[in-house]
Amino acid sequence: MFNQFLSVRTISLLPRISTVKYNLLSKNWITPTTIVKTNYFKTTNRSINTMSETQGKPIQCIAAVAYAAAQPLSVETIIVDPPKAHEVRIKITNTAICHTDAYTLSGSDPEGAFPCVLGHEGAGIVESVGPDVETVKVGDHVIALYTAECGKCKFCKSGKTNLCGAVRATQGKGVMPDGTSRFHNLKGESLLHFMGCSTFSEYTVVADVSVVAVDPIAPLDKVCLLGCGVTTGYGAAIKTANVQKGDTVAVFGAGTVGLSVVQGAKARGASKIIVIDVNSDKKQWSHDFGATDFVNPLKDLKEGETIVSKLVNMTDGGLDFTFDCTGNVKVMRDALEACHKGWGESIIIGVAASGQEISTRPFQLVTGRVWKGSAFGGIKGRSEMAGLIKDYQGGKLKVDEFVTHTRPFKEINEGFEDLHHGDCLRTVLDF
């Protein structure tokens, strides 16, 4: 059959590849939006047309508001103000529910403040930008970043950390860099932001250093997970710890973060990857993501045996690297003391409850073990996200497999219940 269209792959100055077609009969170039009949292009066109009508104006939209700790979220209509200078308003298409959201909602978070719009693992499309925004434009597909990257502050320029000081002071207070909020309920009451993202709202406003444009071909209902859990675990293995071929690894906690550590360790060629979790139903998941062994401390320890002694015996003296993904300070100690004397490193990823402190005998550190932490896996969100997207698209990084549940946004409270069930890794909400 004669095909009148010639496809051409074109590369722009932006880090993305697109396809245009040349009509051999009419001798005209045809853009993808003209000829391709897919949901992605239809959604993008419709969204951009709508966006042009809302720029510079307040938007009423659905959101889930946390008015108090340990209370269900209120799904209601709120008002989202337009972005100011160096701010971006995003139409969130999908957001996942992370244990950090549940942690803050429980009242255990020392920085938790109410009323607020939670959510930090979300993706969407740029609806409008404020003055002086140069990093993204209207229509870009983006992921919100709770770890900013300005590229100019002492932290960013140090080359030693992915932490950024640009918006940290105000982000921790639940406001934008100018000290005010962009969220209000219909009573006119101001609502606080959360982790610089607030993705539990159909529209949100973020600082321009807290958002990254991604390949528009990447499905937003999947890559939203790269806004936190998957990136945090994967990065902790490949960047913070820098696991090498042949290393031995133990991961405490088989949730999304822990299993992402597992796949990172596997990608680096670790010789032994042991997952420790009190839920034996997660054994298969652990092996699916690359674990070589699974230990349930409630069932697999002999009389008088501790998890530390078992791990030391399994690895001829201890692990090269251990990772705590639980936020339990006792587990953090076990993870450190299961490390090999002389060089073992334990990476703390889990966030402990307010007031909790870690402890161990100083001798554990004197004899060469190292305790260190990892935020967002050490990944710089704006400069390194493209690499993660490429790994995902190339099949090197599993993301889809973490989405065990999907729900419409209005069922967000049920989504929080999903988190507490052993068969849930991530619930992704669809607006």
Side-chain angles (χ1 to χ4, degrees), residues 99 229-230 232-234 236-238 240-241 243-341 343-352 358-360 364 369-372 374 398 401-402 404 419-425:
H99 282 278
V230 174
T232 296
Y234 188 71
I238 69 169
T240 304
V243 174
Q244 298 296 307
K245 185 176 181 179
D247 285 341
T248 57
V249 171
V251 181
F252 292 77
T256 296
V257 173
L259 294 175
S260 295
V261 173
V262 169
Q263 66 169 330
K266 180 184 179 182
R268 282 301 183 86
S271 61
K272 185 178 284 291
I273 305 171
I274 307 169
V275 172
I276 301 94
D277 199 287
V278 295
N279 183 354
S280 294
D281 291 340
K282 295 185 176 181
K283 181 176 182 179
Q284 187 58 53
W285 273 337
S286 299
H287 288 299
D288 290 345
F289 281 93
T292 59
D293 301 88
F294 182 91
V295 178
N296 182 336
L298 302 181
K299 298 181 178 180
D300 299 333
L301 301 182
K302 300 175 183 178
E303 184 176 353
E305 188 178 36
T306 66
I307 187 61
V308 172
S309 62
K310 183 173 183 65
L311 293 174
V312 169
N313 290 333
M314 290 176 67
T315 53
D316 188 28
L319 285 304
D320 295 313
F321 295 98
T322 64
F323 299 82
D324 168 70
C325 307
T326 69
N328 183 311
V329 293
K330 182 183 183 306
V331 174
M332 293 176 189
R333 178 171 184 165
D334 288 341
L336 173 75
E337 296 180 0
C339 286
H340 201 290
K341 180 166 57 177
W343 63 77
E345 294 187 15
S346 186
I347 316 300
I348 296 176
I349 306 174
V351 179
I358 55 174
S359 65
T360 190
Q364 294 289 333
R369 297 172 185 84
V370 175
W371 231 342
K372 65 195 307 185
S374 179
K398 292 183 178 181
E401 292 81 356
F402 289 99
T404 55
L419 272 184
H420 303 299
H421 300 159
D423 64 345
C424 178
L425 290 175

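Here the structure is a predicted model, which is why all the values come from computation and not from measurement.
Side-chain contact between Phe321 and Val261: absent, with no pair of heavy atoms (C-beta onward) separated by less than 4.5 Å. In this structure, Thr232 and Ser260 have side chains that are not in contact, with every pair of non-hydrogen atoms separated by 4.5 Å or more. Proximity of Lys272 to Asp293: side-chain heavy atoms (C-beta onward) are separated by under 4.5 Å at one or more points. Between Asn296 and Val278, some side-chain heavy-atom pair lies under the 4.5 Å cut-off.
Considering all non-hydrogen atoms of both residues, Thr248 and Ser271 come closest at CG2-OG, 3.7 Å. Between Ala236 and Phe323 the shortest heavy-atom distance is O-CE2, 3.5 Å. In this structure, Ala291 and Val275 approach most closely via the heavy-atom pair CB-CG2, 3.7 Å. In terms of heavy-atom proximity, Ala265 sits nearest to Ala237 at N-CB, 3.8 Å. The shortest non-hydrogen separation linking Val262 to Val251 is CG2-CG2, 4.0 Å. Here the shortest heavy-atom pairing between Ser374 and Thr240 reads OG-OG1, 2.8 Å.
When the salt bridge (charged side-chain N to carboxylate O under 4.0 Å, His left out) test is applied to Lys341, no partner is found at least two apart in sequence or on another chain. For Thr306, the side-chain hydrogen bond (donor to acceptor under 3.5 Å, both in side chains) test picks out Ser309, with sequence neighbours left out. In terms of the ring-ring contact (aromatic ring centres under 6.0 Å, His included) criterion, His99 has no residue partners (sequence neighbours excluded). For the side chain to side chain contact (heavy atoms under 4.5 Å, CB included) test, residues two or more places apart in sequence or in another chain that qualify with Ile307 are Phe252, Ile276, Val295, Pro297, Leu301, Leu311, Asp334. Every residue two or more places apart in sequence or in another chain that forms a side-chain hydrogen bond (donor to acceptor under 3.5 Å, both in side chains) with Arg369 is listed here: Gln364, Thr367. The side chain to side chain contact (heavy atoms under 4.5 Å, CB included) search around Ala352 returns Val329, Met332, Gln356, not counting sequence neighbours. A search for side-chain hydrogen bond (donor to acceptor under 3.5 Å, both in side chains) contacts involving Asn279 returns nothing, not counting sequence neighbours. Taking the ring-ring contact (aromatic ring centres under 6.0 Å, His included) definition, one finds that Phe289 meets it with Phe402, sequence neighbours left out. Applying the side-chain hydrogen bond (donor to acceptor under 3.5 Å, both in side chains) criterion to Gln244, with sequence neighbours excluded, gives Asn242. Under the salt bridge (charged side-chain N to carboxylate O under 4.0 Å, His left out) criterion, Lys283 pairs with no residue, sequence neighbours left out.
Interatomic distance, Lys372 NZ to Ile348 CD1, rounded to the nearest 0.5 Å: 12.0 Å. Between the OG1 atom of Thr360 and the CH2 atom of Trp371 there is a distance of 5.0 Å, given to the nearest 0.5 Å. Atom OG1 in Thr322 sits 9.5 Å away from atom CD in Glu345 (nearest 0.5 Å). To the nearest 0.5 Å, atoms CD (Gln263) and OG (Ser286) are separated by 12.5 Å. Note: Ile274 CD1 to Thr292 OG1 = 6.0 Å, rounded to the nearest 0.5 Å. The distance from the SG atom of Cys325 to the CG atom of Asn328 is 12.5 Å, given to the nearest 0.5 Å.
Residue pairs meeting the salt bridge (Lys or Arg N to Asp or Glu O under 4.0 Å) criterion with at least one member in residues 296-325: none, sequence neighbours excluded. For residues 273-282, no residue pair satisfies the salt bridge (Lys or Arg N to Asp or Glu O under 4.0 Å) rule, not counting sequence neighbours.
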